[in-house]
There are 2 protein chains.
Amino acid sequence: MTKRDDATITLKDVAEAAGVSGITVSRVLRASGPISEATRKRVLEAVKTTGYVHNRLAGVLASARSNLVGVILPSLSNGVFPEVMAGINEALAQSGFQPVVGVTDYDLMKEETVVRSMLSWKPAAIILTGLQHSRNTRRMLEDTPIRVIEIMDAGGRPIDVAIGLSHRDAGSATAQHLIEKGYRRFGYIGPDLERDLRAHDRHEGFRHYLTRHGIAAPVEYLSRETSSISGGKEGLAELLRMKPDLDVVVFSSDDMAIGGVYHCIATGIQLKTQLGIFGFNGLDTGQSLPQPLSTIRSNRHRIGQIAVETFINDVTRPLTSKVIDTGFSIIHGETA
Amino acid sequence: MTKRDDATITLKDVAEAAGVSGITVSRVLRASGPISEATRKRVLEAVKTTGYVHNRLAGVLASARSNLVGVILPSLSNGVFPEVMAGINEALAQSGFQPVVGVTDYDLMKEETVVRSMLSWKPAAIILTGLQHSRNTRRMLEDTPIRVIEIMDAGGRPIDVAIGLSHRDAGSATAQHLIEKGYRRFGYIGPDLERDLRAHDRHEGFRHYLTRHGIAAPVEYLSRETSSISGGKEGLAELLRMKPDLDVVVFSSDDMAIGGVYHCIATGIQLKTQLGIFGFNGLDTGQSLPQPLSTIRSNRHRIGQIAVETFINDVTRPLTSKVIDTGFSIIHGETA
DNA sequence: CGAAATAATGACAGCGCAAACATTTTTCTT
DNA sequence: AAGAAAAATGTTTGCGCTGTCATTATTTCG
């Protein structure tokens, strides 16, 4: 049973050095239970001289309580998710919880694997993206007693809590806003809609609104890859080759929209007047453009904040699930 | 001793359901040791019906072997680090290892806290950024038997392995390259050099090369915040106000350089001919600009790859430390 | 000053799993 | 078919820590 590596320093070693029992050391380190100031000092001293490093594995196993938070994201190359992650990190900073990140590449099967692996670490909570999961993923998450927080989408039935926005609504709001601005000939550029399900919802809301209001359905270019600046750039070039007389193009995300802006700058197309560009997310990078991007802000920061507060305030899963709609707002910008 | 939660399904439960011993189940799940096809099937069946989720905590504790890899990064808002993370993720994907991310905000004290907390999870390896650490951090990392991989910098003495480039050399190469291009009146824009130590090294190499070759020292603008697009944009505006006749500006990173490019686009400054812009990192986002950014590629992808290979190939720390210089290359681009 | 209350510490078991070794079953060899 | 080798499975023990329930010092107060 494990060659006992005599080099590893355990609680017991510290206890001996301090002349107390193991449990006392444990209590000092966790600041739990009453400890006299004298022994406290002695123990901390002993910790320092021995160079002891706490083994949380054993602690979690013994106490069935962990400070890990599983965070499962579809991608890190789409600019949103580093921002989401930063938001979560910030909210987590003071809490003593530690995030473990998993990436799914927008693949629900991969997500299943990642969730299973996450659960095996007995995290205090799991934060994952979207409301659509494989049957097994759902089952695992329903069966676990920990908090499960689905972020970025509020358009469906959550396992425990969902925090986000209705992407369908964001899609129709986009259409409504641009129609009001006077645009009529719509284009749409997005990634593979089969994979990015939230982009899919926005697209539907957008498309329906247009057709319901007597506007021609958008001309579309769907790239096979995931969202990226270069994808948006190429997409717009291609779309304008197919259909040069568009007056506005909606992109599934800010990343792609930025690519669209670059194409316009490179080819001398006048943004807004000659061609409108509209994104989604409200990333900082889009707002730093020479002309700030017209887009929709998804309140990611707030989403991260609420996600973390949710499980800090109540570590046990409530009986009924709940949707928290953090809404969205239109950033008027200079590109549409 | 922990109120035994009878709801949690353990190996034993699966074993009973399958009519075998616990260790057999363990072996099936880890694919270790010889198992007959028949029992294998039965066990997997039992796992499914019971809905068993492996508890790695216990496994790691028992075997003293974990599949966690601690990844400690200074920031997620600087575009490099999501890319580094993506590289590591990619390299890790097939390996069965799982990253745990920690963020230090370029703060060595925070780094110390994060390292301590990481070590408490008994990771198989730790990947962290740079070669400068607090005394305590160094001690902890020297004392641990696991691999410690310091990435992004090859200009110093590593604890175990360092993989990266010499930032000093990159700085002088920048200067040399731009002098050869005919630029003479240099500006420099960077973040707080006290915090970003690698930016500091590049800056030194850059500055020394200039003065050693009879060129006037660069006019400098140092922002107090960390690297960002908007910081670069504002920085360049400010710098040109102070000193309008510069012919090239070197930025500490691509992020900031992109901001510089935006400023030029917004104010109609001709890139390259009227004002050169030069970055560092070679981010995809810089290369997707209307005119690709002139910069230095830091081979981040390769760094991530090698970092992961290093500890996969040899899980125990070798006696002597090693520096792997992945070098850098100039991306000629269209902005300088 | 002594009983009761409180503060401080300790003994021990067990969290769930895997290593080491032990045992049983099957297969192969001649 | 008997013995040797290999394959398959089981038993026991302990990884390092913390919860529970003592036990022992110290304080309080009538």
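Chain naming here is simple, since letters A, B, ... match the order of the sequence lines and numbering starts at 1 in each. FYI, side chains are in, hydrogens and waters are out, and symmetry mates aren't considered; it's all heavy atoms of this structure.
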Check whether any side-chain N or O of A:Ser21 sits under 4.0 Å from OP1 or OP2 of C:dG10, and answer yes or no.
yes
Considering every strand and a 4.0 Å limit on heavy-atom distances, what is the contact class for B:Ile35: base, sugar-phosphate, or nothing?
sugar-phosphate
OP1 or OP2 of D:dC17 less than 4.0 angstrom from a side-chain nitrogen or oxygen of A:Arg56, does that happen here?
no
When you check the phosphate oxygens OP1 and OP2 of D:dT18, does a side-chain N or O of A:Ser26 lie under 4.0 Å from one of them?
yes
A:Arg42 atom CZ is separated from C:dT9 atom C1', nearest whole Å, by 11 Å
With sequence neighbours left out, the residues meeting side chain to side chain contact (heavy atoms under 4.5 Å, CB included) with B:Glu309 are B:Gln305, B:Asn313
Can B:Glu112 and B:Arg116 be counted as an ion pair, charged N to O under 4.0 angstrom?
yes
How close or far is atom C1' of C:dG16 from atom CH2 of A:Trp121, stated in whole angstroms?
13 Å
Round to the nearest Å and state the distance from A:Arg65 atom CZ to C:dC15 atom C1'.
13 Å
Looking only at side-chain N and O atoms, does A:Arg27 come under 4.0 Å of OP1 or OP2 in C:dG10?
no
OP1 or OP2 of D:dT9 versus the side-chain N and O atoms of B:Thr39: is any pair under 4.0 Å?
yes
When you check the phosphate oxygens OP1 and OP2 of D:dG19, does a side-chain N or O of A:Arg30 lie under 4.0 Å from one of them?
yes
Remember a base hit wins even if backbone is also touched, and classify B:Val20 as base, sugar-phosphate or nothing at under 4.0 Å, heavy atoms.
sugar-phosphate
By side chain to side chain donor-acceptor pair (under 3.5 Å) - contacts of A:Thr326 (at least two apart):
none
Whole-Å distance, A:Leu11 CG to D:dG19 C1', equals 14 Å
Are B:Glu142 and B:Arg139 ion-paired here, with the side-chain N under 4.0 Å from a carboxylate O?
no
Output yes when at least one side-chain N/O atom of B:Thr24 is less than 4.0 Å from OP1 or OP2 of D:dG10, else no.
yes
Would you classify B:Ile23 as touching base, sugar-phosphate or nothing, given that sugar-phosphate means primed atoms plus P, OP1 and OP2, and contacts are heavy atoms under 4.0 Å?
base
Counting only heavy atoms not in B:Arg42, do more than 12 sit closer than 6.0 Å to its CZ atom?
yes
What's the CD-C1' distance between B:Glu16 and C:dG16, to the nearest Å?
14 Å
Nearest whole Å is fine: how far is C:dA19 C1' from B:Leu61 CG?
13 Å
B:Ile9 has an atom CD1; how far is it from atom P of C:dC15, in whole Å?
16 Å
Does D:dA7 have its OP1 or OP2 closer than 4.0 Å to a side-chain nitrogen or oxygen of B:Ser36?
no
Would you tell me if any nitrogen or oxygen in the side chain of A:Thr10 comes within less than 4.0 Å of OP1 or OP2 on D:dC15?
no
